[in-house]
2 protein chains.
Amino acid sequence: MAAISGGKTYHHGDLRNALIGAAVDLACEGGPERVVLREAARRVGVSPTAAYRHFEGRCELLAAVRDHARRALADSMERAAARVPGADDPALAAEARLAAVCRGYVAFAVEQPGLYRSAFGAPRTAPGDGDHGAEGGTAEVRAFTLLTDALGAVAATARPPRASRPAADAAAWSAVHGLSLLLLEGPLRRLPAQRRDDVVDSTLAMVVSGTRNP
Amino acid sequence: MAAISGGKTYHHGDLRNALIGAAVDLACEGGPERVVLREAARRVGVSPTAAYRHFEGRCELLAAVRDHARRALADSMERAAARVPGADDPALAAEARLAAVCRGYVAFAVEQPGLYRSAFGAPRTAPGDGDHGAEGGTAEVRAFTLLTDALGAVAATARPPRASRPAADAAAWSAVHGLSLLLLEGPLRRLPAQRRDDVVDSTLAMVVSGTRNP
DNA sequence: CCCGGAATGTTCATGCGGTCAACATCGGGC
DNA sequence: GCCCGATGTTGACCGCATGAACATTCCGGG
């Protein structure tokens with residue numbers, strides 16, 4: 001059995017998930033650099049090296065955290081989008097949804113800084129190790145899919161139907177991602193909440209405007 | 001004397017700068033996380049703890065690297081701006097300069113990834129230490145000033161002269177910063193060079209468009 | 001010209017983290 | 001009921017940040 005038996009046995013039963021949980025907590029508390037094998041093991045009440053039975057090493061644990069963080073980010077975006085009331089004008093509705101999705105993105109970054117910072121970034125621990133994990137192209141990041149779809153919907157309703165948006169998706173993503181990081185660890189951190197809203201609004205305006213106009 | 005005497009004396013003569021130099025090299029090679037006191041000391045040919053006579057600790061060394069990186073970034077932007085030919089139409093000239101400044105920004109990030117990544121980010125080493133160093137507001141980052149000025153020039157030549165750009169500067173900065181990071185360590189890394197240019201163009205178009213339109 | 005303190009480096013020691021190898025224990029399949 | 005493989009544990013090694021005590025050098029009085 002792999003259940004949660006009360007008494008602590010020699011074998012944990014679900015160490016892998018327990019470690020991931022602890023690692024996620026660590027990431028929430030202090031970002032990816034805080035995710036430390038020994039500490040995660042300590043929290044689970046297991047010896048420092050037990051993790052190696054379930055992960056290649058720290059990198060792989062971080063990768064698990066990263067996946068969790070990406071899922072959580074996408075969830076935040078979907079929740080934000082779900083809250084926007086429908087509109088009659090499809091164009092307006094599309095724009096509202098785009099804005100909501102973006103807000104959900106930034107909101108997650110601001111509310112879960114540690115987790116957000118763990119969501120991206122190549123596995124960069126050893127100096128000369130490319131990432132051997134998966135991560136094919138830009139896909140597989142649901143957050144990106146959500147953004148792209150919302151963007152596509154706006155473009156589809158544009159007055160002169162836009163034909164090619166060569167890389168407009170990436171541009172929009174750049175904006176929200178950059179904004180998030182500037183707010184989190186960049187020079188925009190420690191910005192009074194109200195000014196922060198201004199900045200967010202400005203950026204979203206830029207994104208929407210850039211989507212609507214050629 | 002504090003010069004570069006040939007024979008190695010007990011006293012180095014200019015250890016501080018030598019260490020900064022080594023640290024900058026390290027940052028170039030592997031980003032901020034590669035900046036390690038012991039390695040820098042090793043490269044300079046000095047004992048591991050000698051650095052403590054010149055820096056509080058690793059954080060302060062990193063701060064020195066960060067300042068260097070920011071200067072280099074701003075230089076890259078200025079160089080890029082200096083290369084754009086003048087135009088007759090002041091509005092077009094302003095837009096061209098804005099684009100050039102942004103390109104200089106992204107170019108630096110792509111050409112000097114390690115250094116670029118060292119240029120921002122709060123000094124985050126110990127879990128619970130806010131940064132005690134300076135870093136007042138958003139100022140003092142010459143790169144930001146360059147961007148803001150270029151942006152202001154575009155806004156000034158806009159057909160309906162824009163009155164308030166509440167935080168449009170930050171929006172533009174978000175775009176270039178986010179783009180840089182996505183290209184560097186985000187899902188846009190390992191993008192073929194040509195597609196990369198598309199993405200850059202798209203983003204700049206969004207920035208300019210957002211500046212021109214309400 | 002000589003001396004003593006202040007700078008600047010060095011050595012030694014502590015503690016944390018990643019990772020490996022050898023050993024212990026448990027859980028099932030035969 | 002026994003044996004093997006999966007899962008944990010101990011112990012050890014190495015690199016790094018950092019602090020304390022000691023060594024060397026420089027420089028400004030006297």
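- Take A/Asp149 and apply the salt bridge (Lys or Arg N to Asp or Glu O under 4.0 Å) test, not counting sequence neighbours, and it matches no residue.
- A/Glu33 places its CD atom 16 Å from the C1' atom of D/dC16, with the value rounded to the nearest Å.
- Under the side-chain contact (heavy atoms from CB on, under 4.5 Å) criterion, A/Arg53 pairs with no residue at all, not counting sequence neighbours.
- Residues satisfying the side-chain contact (heavy atoms from CB on, under 4.5 Å) test with A/Val110, not counting sequence neighbours, are A/Val106, A/Leu183, A/Arg196.
- Residues meeting the salt bridge (Lys or Arg N to Asp or Glu O under 4.0 Å) test with B/Glu56, sequence neighbours left out: none.
- Rounded to an integer number of Å, the gap from CZ of B/Arg34 to C1' of D/dC16 is 13 Å.
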Footprint string (nucleotides 9-23 of chain C, 5' to 3'): B base within contact, S backbone only, - free, heavy atoms under 4.0 Å: BBB-----BBBB-B-

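- Atom C1' of nucleotide D/dT7 and atom CG of A/Leu19 are separated by 12 Å, given to the nearest angstrom.
- With sequence neighbours excluded, the residues forming a side-chain contact (heavy atoms from CB on, under 4.5 Å) with B/Pro32 are B/Leu62, B/Arg117, B/Ser118, listed by chain and number.
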